[in-house]
Amino acid sequence: MAKTHVFTVTVAAVMLSAPCAGYTINAARARGGMRRCARRAAEPCMDGKAELADFGLGVGQKYGPTAPAHPMEKPWSNVLTQEGVQIVKAASNDLRDPLVSDMANEEIFVSKDSIHILKHHGSYMQQNRDLKKKAEREKSYQFMLRLKVPCGEVPGPLFRELDELSNKYGQGDLRATTRQAFQLHGVLKGDLKAVVSTIANVGSHTYGGCGDINRNLMTPAVHFPNNAAYMYCQKYSKALADLFKPMSSAFNEIWLDGEKAATVEYWQKDIEEFKLDEVRTYDNGNGIITGHPVEPIYGRTYLPKKFKIAMTVPGDNSVDLYINDIGCVVIMEADGSTLKGFNIVVGGGMGRTHRKEATFARAADHLGFVKKDDFFEAMKAIIATQRDHGNREVRSSARLKYLVHTLGINDFRSLVEQYLGKPIEPWVPLPAWKYLDWMGWHDQGDGKLMLGINVEQGRVRDTPELRIKTCLRTLVDNYGVDLLLTPSQSIVLRNIEPAHKYNVEAVLREHGVKLIHEVDAITRKSIACPSFPLCGLAMAEAERVQPQINARLNAKLREMGMANDDFVTRTTGCPNGCARPYMAEIAFVGSGPNTYQLWLGGSPAQAERTGQATSIFKMKFDDLEKTVEPIFAMWKSQRNAPDEALGDFCHRVGIATVEEFMETYELGSFKTMPSPFAPAALPAPDSSIGISAQVLAKLQEEASARDMDAASLLEMIVSEALKVEFQKPMSSDPPYGKRTHAFVPWRSPPLPPATGRP
């Protein structure tokens with residue numbers, strides 16, 4: 001580790017004055033060590049006077065980034081300098097300024113400083129980048145609002161309100177995010193207050209949807225009232241959402257005229273038992289509580305950057321647990337009904353910058369296990385550790401993953417234990433993870449049903465072919481369903497009466513919404529970020545081209561006799577990783593107009609490792625097929641089992657080996673490459689059957705797509721339809737690749753048992 005500074009001595013003041021052509025630098029530490037300190041000026045020198053930016057502790061605050069409760073050696077100190085967003089937060093008067101004045105003026109945009117503060121209130125300012133003329137873009141300022149809905153729960157009445165708001169004030173659609181929230185796009189500045197206040201008054205809010213604070217809490221998108229593990233998962237997740245919300249009254253002052261919302265958040269009734277106001281302010285004497293009069297946990301400048309938490313049960317990795325700053329796993333006692341505690345992982349995150357090796361995607365490390373009675377205090381301790389020690393000097397290195405990576409998991413654990421005041425126990429062994437998406441029909445266990453429907457890239461809108469927005473509104477209005485947003489941008493409809501099952505299916509079909517068995521596996525497993533036209537960071541298309549990518553990947557697999565194979569694929573318009581591309585088995589990360597960096601080797605279960613970047617940095621969109629063909633050919637011909645996943649294969653052989661194969665591969669060579677697990681032909685037929693030429697042609701097409709002969713496929717289909725035992729070819733190996741069903745590529749997973757272990 002590089003030699004760094006641990007500040008423990010008292011220095012009265014240090015003044016470093018730069019020439020007036022730039023900025024004045026001031027670093028000061030009050031008595032008792034590092035207290036209030038000031039640094040780089042936010043404003044240039046005017047008339048020879050220096051404007052000093054103060055980013056130190058707030059009045060009454062004892063601990064924070066310039067005065068950690070427990071010093072730790074690391075390559076940054078946060079004392080002599082902090083990056084610009086920290087200065088903006090310090091000057092914001094608890095997330096008020098300059099947003100208050102900006103919202104009161106007649107401009108159609110807000111100032112640069114207000115952009116950062118507005119994020120904490122749940123909104124991003126955007127422009128329409130499809131407009132090529134600067135003058136037109138400058139007239140296109142609009143705002144995206146992101147709700148904070150713990151566990152992805154969207155009650156029917158809230159969806160009804162969002163539907164109305166998107167039509168009246170937005171661009172007529174909603175978008176389900178990869179963190180189980182809805183975004184509403186296209187709101188004009190003058191309408192922001194009306195939209196935000198309406199959302200708050202129906203029992204939801206946008207506070208903390210963005211910004212340098214804890215974001216939306218993720219859990220599996222299921223509703224099993226009689227499954228103790230899943231219920232604890234949701235209850236404690238809602239508690240964490242409330243525990244780590246900003247305590248500043250700025251939200252109510254700006255959007256609700258200082259009044260309380262007309263309705264409390266709908267999840268509050270589920271967490272009353274925890275008495276979270278007391279938990280939030282409880283001081284164990286080890287430096288978790290800052291002493292700040294408004295923000296006891298966060299302090300004056302909140303966290304260094306955004307913070308993400310997910311929770312799940314053993315085996316269910318529908319939440320991509322390892323990409324979060326903190327991931328929690330519910331651990332039950334042997335009786336299956338009593339909560340024992342939680343396994344905790346720390347230090348995951350996706351964001352990176354192209355060609356900057358100091359930034360990287362990272363899968364979280366296992367921190368250990370904490371008993372249920374210590375859970376809230378342990379979570380507070382991790383937050384306090386990041387608050388005090390996260391890098392506030394370089395924003396691209398501010399996430400918790402960089403602190404964990406720099407210190408190492410053992411030293412990080414020791415630091416957390418100092419804040420907690422007790423050791424963290426060893427990790428409880430878990431069953432293997434599975435990537436579940438909870439699509440299709442499931443019994444809730446309370447006499448009602450839930451139904452997962454695929455929403456491509458999360459876009460809830462109406463088109464002539466697919467009227468999913470109207471469909472959802474119809475189901476809410478006529479059948480009283482509630483919604484659960486999934487981590488894969490889809491939707492689970494819950495609380496469906498069994499008597500309404502076929503009526504619900506009829507409504508879906510009437511509006512063009514496919515049931516899950518009609519959706520191919522690659523589309524089902526794909527996600528993409530919004531990218532163009534509204535994201536200011538986009539380098540390439542993502543959401544708008546993902547359907548094309550899926551169709552082209554499927555076509556290439558069919559051409560190569562691999563139609564029964566599938567994988568997790570994701571696309572982002574830039575390297576920031578909003579659609580979690582670095583966990584995918586194959587991913588396309590925007591690197592310029594119509595070009596993508598290729599990533600390979602993520603786990604099919606999205607667990608414990610990231611994929612790796614290939615040397616292909618500028619794959620042209622038009623070159624997709626010729627780029628993936630050699631990868632698929634190598635996978636098909638060299639995998640060590642018929643069900644070895646693409647990500648596992650690439651990880652096992654190594655990216656360098658894959659690229660060596662790609663360099664020597666000639667397009668079309670797959671036709672002469674033997675597959676070790678290709679199905680053997682059936683024995684000589686002992687009977688025959690007549691079918692039409694049209695059916696035969698289709699049969700041959702589908703057989704070829706699965707690397708089978710037509711007779712074998714026909715026998716399999718007929719045998720399954722008639723419940724006759726299929727005569728498998730004589731072979732010691734499983735003959736049909738990963739999946740043997742001819743037309744249903746990926747079956748819904750079974751319900752988890754009562755222990756909560758899927």
Side-chain angles (χ1 to χ4, degrees), residues 92 94-96 99-100 103 114 117-125 143-166 168-170 174-177 179-185 187 189 191-219 234 237-272 276-277 280 294-295 297-298 302-303 306-309 482-485:
S92 72
D94 302 329
L95 305 180
R96 292 176 176 84
L99 185 58
V100 171
M103 288 303 299
S114 278
I117 302 307
L118 184 60
K119 289 179 182 179
H120 295 76
H121 294 258
S123 182
Y124 280 78
M125 186 170 74
F143 294 81
M144 177 270 285
L145 282 165
R146 181 184 297 153
L147 275 70
K148 195 167 184 179
V149 286
C151 310
E153 288 188 3
V154 179
L158 174 58
F159 178 81
R160 186 181 295 117
E161 198 65 60
L162 294 175
D163 180 42
E164 297 287 348
L165 289 171
S166 67
K168 184 176 181 180
Y169 297 110
L174 298 167
R175 193 173 194 277
T177 75
R179 292 199 68 81
Q180 298 178 266
F182 265 137
Q183 290 181 176
L184 195 158
H185 292 263
V187 179
K189 179 187 168 188
D191 295 327
L192 267 179
K193 187 172 182 178
V195 178
V196 174
S197 61
T198 300
I199 292 171
N201 284 324
V202 295
S204 186
H205 64 76
T206 62
Y207 209 7
C210 324
D212 295 349
I213 46 184
N214 179 51
R215 301 286 186 90
N216 203 44
L217 262 289
M218 295 177 68
T219 63
Q234 293 175 339
S237 293
K238 294 171 185 176
L240 291 178
D242 192 80
L243 179 62
F244 296 132
K245 68 184 180 183
M247 297 307 294
S248 170
S249 60
F251 182 87
N252 293 63
E253 293 171 14
I254 295 173
W255 310 110
L256 298 172
D257 297 323
E259 301 294 329
K260 291 183 178 181
T263 307
V264 299
E265 294 104 332
Y266 49 85
W267 60 84
Q268 288 292 337
K269 65 181 184 301
D270 299 327
I271 58 176
E272 292 175 349
L276 291 168
D277 288 338
R280 186 181 297 108
V294 176
E295 300 288 359
I297 296 176
Y298 286 134
Y302 298 86
L303 295 178
K306 59 187 174 184
F307 201 88
K308 299 179 177 180
I309 302 175
D482 298 309
L483 281 61
L484 285 169
L485 308 184

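Being a predicted model, the structure only gives us computed values, none of them experimental.
- Taking the side chain as every heavy atom from C-beta outward, Phe143 and Asp191 never approach each other to under 4.5 Å.
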* Asked: Run the side-chain contact (heavy atoms from CB on, under 4.5 Å) check on Phe182 and Leu485 step by step: do they pass?
  -> CA-CA 8 Å; Phe182 265 137; Leu485 308 184; 3.7 Å; yes

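- Counting heavy atoms from C-beta outward, Tyr298 and Asn214 have side chains that approach closer than 4.5 Å.
- Distance alone, capped at 3.5 Å, is enough to place a donor-acceptor pair between the Glu295 side chain and the Ser248 backbone.
- Rounded to the nearest 0.5 angstrom, Ser204 OG and Leu147 CG are separated by 4.0 Å.
- No donor-acceptor distance shorter than 3.5 angstrom exists from the side chain of Gln234 to the backbone of Thr219, with no hydrogens or angles considered.
- Counting only heavy atoms from C-beta outward, the side chains of Glu153 and Tyr266 approach each other to under 4.5 Å.
- Nearest approach of Thr206 to Val196, heavy atoms of both residues: OG1-CG1, 4.0 Å.
- Among all heavy-atom pairs drawn from Pro157 and Asp482, the shortest one is CD-OD1, 4.4 Å.
- Annotation: the span from Leu217 atom CG to Arg179 atom CZ amounts to 8.0 Å, rounded to 0.5 Å.
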* Check against side-chain contact (heavy atoms from CB on, under 4.5 Å), Tyr169 and Thr198 -> CA-CA 12 Å; Tyr169 297 110; Thr198 300; 5.8 Å; no

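- A heavy-atom distance below 4.5 Å is found between the side chains of Leu162 and Ile199.
- Counting heavy atoms from C-beta outward, Met103 and Lys189 have side chains that approach closer than 4.5 Å.
- With values rounded to the nearest 0.5 angstrom, Lys119 atom NZ is found 9.0 Å from Lys306 atom NZ.
- In this structure, Pro150 and Ser237 have side chains that are not in contact, with every pair of non-hydrogen atoms separated by 4.5 Å or more.
- A pairwise comparison of heavy atoms in Lys238 and Cys151 identifies CG-SG, 3.9 Å as the closest pair.
- One finds the CD atom of Glu272 at 14.0 Å from the CH2 atom of Trp267 (value rounded to the nearest 0.5 Å).
- The minimum heavy-atom distance linking Leu184 with Gly170 is given by the pair CD2-CA, 4.1 Å.
- Put simply, CD on Glu265 and OH on Tyr207 are 12.0 Å apart, with the number rounded to the nearest 0.5 Å.
- Closest non-hydrogen pair, Ala181 versus Asn216, comes out as CB-ND2, 4.0 Å.
- One finds the NE2 atom of His121 at 4.0 Å from the CD1 atom of Ile254 (value rounded to the nearest 0.5 Å).
- Applying the salt bridge (Lys or Arg N to Asp or Glu O under 4.0 Å) definition to pairs two or more places apart or across chains, those involving residues 239-259 are Arg96-Glu253, Lys193-Asp257, Asp242-Lys245, Asp242-Arg280.
- Considering every non-hydrogen atom in both Leu158 and Val202, the closest pair reads CD1-CG2, 3.8 Å.
- Remark: Ala200 engages Phe251, Leu256, Ala261 in a side-chain contact (heavy atoms from CB on, under 4.5 Å) (not counting sequence neighbours).
- Each salt bridge (Lys or Arg N to Asp or Glu O under 4.0 Å) pair with one or both residues in residues 206-217, not counting sequence neighbours, appears once here: Lys89-Asp212, Asp212-Arg395.
- Using a 4.5 Å cut-off on side-chain heavy atoms (C-beta onward), Asp94 and Tyr302 make contact.
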